[in-house]
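Contents: one structure, followed by commentary.
Chain letters run A, B, ... following the sequence lines, proteins first and then strands; every chain starts at 1. For the numbers below, each heavy atom of this structure counts, side chains included, while hydrogens, waters and symmetry mates do not.
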2 protein chains.
Amino acid sequence: MASVDRHRHITDAVRRAGQLSVAELAEQTGTSEMTVRRDLELLAEQGLLERYRGGARSVLLRGEEPPFALRANDGVEVKQRIAAAVAEMIADGEAVVIDAGTTCLAVARALAHRRLTVMPLSLHATNALVGAPQLRLLLPGGEPRPGELALTGPLAEASLAALRFDTAVIGCCGLTAANGLTAYDLADAAIKRAAIAAAHRVIVVAEAAKLSRTALALVAPATALQAVVTADDAPDEEVDALKALGVAVRQV
Amino acid sequence: MASVDRHRHITDAVRRAGQLSVAELAEQTGTSEMTVRRDLELLAEQGLLERYRGGARSVLLRGEEPPFALRANDGVEVKQRIAAAVAEMIADGEAVVIDAGTTCLAVARALAHRRLTVMPLSLHATNALVGAPQLRLLLPGGEPRPGELALTGPLAEASLAALRFDTAVIGCCGLTAANGLTAYDLADAAIKRAAIAAAHRVIVVAEAAKLSRTALALVAPATALQAVVTADDAPDEEVDALKALGVAVRQV
DNA sequence: AGGTTCGAACAAAAAATATGTTTGCTATGT
DNA sequence: ACATAGCAAACATATTTTTTGTTCGAACCT
């Protein structure tokens, strides 16, 4: 088993079981306990799990959003498909603001080689875009939230307020026709709202699971959105409800 | 010869000679031409030299500032000494704005583990500071200049105008008592000016060579500075002239 | 107190990287 | 257009780096 596969197995196994002993993981992966310990140290550093003497436990289980590093490895393919679809919807020369989050990071990557003006709202996306020769890169100010590296706060809001974009690509924690676009983090929600206000067209990216979820902070009602790009396993009733509100839904 | 030594040798040799053939470099380094070609491709990518058919030429020679990657490997030790001295001058809890440039990057690294509020003016420094647990990191907006990754433009200036710092750590391209603090890039100069205006105390970092140089854009007269940290091989007459203007000069 | 877990240190194994050679292609100058 | 030097892909080899397992003393929990 290659080390990255083993890491994934450990992460998944711990997530499923809630907690697991080092010995158990060593047996499952067919490696020594020392290797498992080294892996756990690594994964704990990345925030993928929590270490305790003798084993590791999952960091989920609470009502919170899982950490960035955990989401980053989930459904990579789906995110790339969504990102490719979004990239198709954006014309060369546009000014685009790209939200934080893993799906939006995929969008940023898909746009890196394009001739565009882009303002990413996270440092992950920023790092993916620096050095792109054709791209005009604009950064908002703000305070990067640990892990997520999403830029938030008054400086970020002021940066957005000073600009007008053709398109905003927004991620979310929840989106339903009834409850609108929602986010777990209040500061994030404020930034999303500012980005939406600064853009002529709003495209929301959301994996299927998001369409049956509602998070704490309301960002905007669904009627404020022009388009939603989601996966083809999205629940039909939500898709239909969104369409009924005049939102263009694209499933890939 | 290890590959990194060879890279340094090639970079230096090309810089000294202005231009050199692949064959010449292969002989000098005792490697095959293929290896030299691969090295040149790598170094050219980093902007350390310019490739042409049959060899490579230096990217300097004009009145311009050498590219970031080139300066980054020069006088690393001196920069670290200067950075350590600056770190000593800053008290825990301060709010600090750190300019772009290689010396200021060293300062950022020296402050990473401290309990401070820091606004770096370049993405290089930002990347050095993300993840520092005790540090409150603030980003200005702006457009990152390629290579340098210095944040400039109206967004950056607006971010600075909205804040007040205890200390500004400023780099420069030239500093003399007569001509003041100067920079090559106009946009950079504007940012430095804004940072100085936003700070209660201004510390300038400058290797010895900077003290006998004057660049295009005036940032501020020497009287606007509180302190200068430089190396011990700085020219005495400049040091004395700065002291005569009431600037505290520290040589390390 | 006693067993368990941990982490440092080292050695072995595996993987990744760097290098050199060959070969066929491409660009450049005459 | 042609000759030549330079170049890059492909492959084999060598070198370095990374990963892994083992051992052993220290740290830790109950």
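- A search for side chain to side chain contact (heavy atoms under 4.5 Å, CB included) contacts involving B:Arg109 returns B:Leu105, B:Ala128, not counting sequence neighbours.
- With salt bridges taken as basic N to acidic carboxylate O contacts below 4.0 Å, one links B:Glu207 and B:Lys210.
- With values rounded to the nearest 0.5 angstrom, A:Leu211 atom CG is found 4.5 Å from A:Thr230 atom OG1.
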Q) Which parts of nucleotides 23-30 of chain C does protein reach within less than 4.0 Å, heavy atoms only, written one letter per nucleotide 5' to 3' as B for base, S for sugar-phosphate only and - for none? A) ---BBS--
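- For residues 15-43 of chain B, no residue pair satisfies the ring pair (Phe, Tyr, Trp, His ring centres under 6.0 Å) rule, not counting sequence neighbours.
- Regarding B:Glu27, its CD atom lies at a distance of 14 Å from the P atom of C:dG20, rounded to whole Å.
- Distance, B:Leu42 CG to C:dT17 C1': 12 Å, rounded to whole Å.
- Qualifying side chain to side chain contact (heavy atoms under 4.5 Å, CB included) partners for A:Ser212, counting only residues two or more places apart in sequence or in other chains: none.
- Every residue was checked against the side-chain hydrogen bond (donor to acceptor under 3.5 Å, both in side chains) condition with B:Ser21, not counting sequence neighbours, and none meets it.
- A straight line from CZ of B:Arg37 to P of D:dA10 spans 17 Å, rounded to a whole angstrom.
- Scored by the side chain to side chain contact (heavy atoms under 4.5 Å, CB included) test, A:Met89 finds A:Arg201, A:Ile203, A:Ala227, A:Val229, A:Arg250 as partners (sequence neighbours excluded).
- B:Glu24 places its CD atom 17 Å from the P atom of D:dA5, with the value rounded to the nearest Å.
- Residue pairs satisfying the ring pair (Phe, Tyr, Trp, His ring centres under 6.0 Å) criterion with at least one member in residues 72-96 of chain A, sequence neighbours excluded, are absent.
- In this structure, the CD1 atom of B:Ile10 is 13 Å from the C1' atom of C:dT19, given to the nearest Å.
- Take B:Asp74 and apply the salt bridge (charged side-chain N to carboxylate O under 4.0 Å, His left out) test, not counting sequence neighbours, and it matches B:Arg15.
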Q: Report, as a single string ordered 5' to 3', how protein heavy atoms within less than 4.0 Å touch nucleotides 19-25 of chain D: B base, S sugar-phosphate only, - not at all.
A: -BBB---
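- Residues passing the side chain to side chain contact (heavy atoms under 4.5 Å, CB included) test with A:Ala72, sequence neighbours excluded: A:Phe68, A:Thr102.
- For the helix from C:dA1-D:dT30 to C:dT30-D:dA1, the angle separating the two terminal helix axes comes to 50°, with each axis derived from five pairs and the value rounded to 10°.
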Identify each donor-acceptor pair in which a side-chain atom of residues 142-153 of chain A lies under 3.5 Å from a protein atom, sequence neighbours left out, and give them as a table.
from: A:Glu143; atom 1: OE1; to: B:Arg136; atom 2: NE; distance (Å): 3.1
from: A:Glu143; atom 1: OE2; to: B:Arg136; atom 2: NH2; distance (Å): 2.8
from: A:Arg145; atom 1: NH2; to: A:Asp188; atom 2: OD1; distance (Å): 3.4
from: A:Arg145; atom 1: NH2; to: A:Asp188; atom 2: OD2; distance (Å): 2.4
from: A:Glu148; atom 1: OE1; to: A:Arg71; atom 2: NH2; distance (Å): 2.6
from: A:Glu148; atom 1: OE2; to: A:Arg71; atom 2: NH2; distance (Å): 2.5
from: A:Thr152; atom 1: OG1; to: A:Glu143; atom 2: O; distance (Å): 3.3

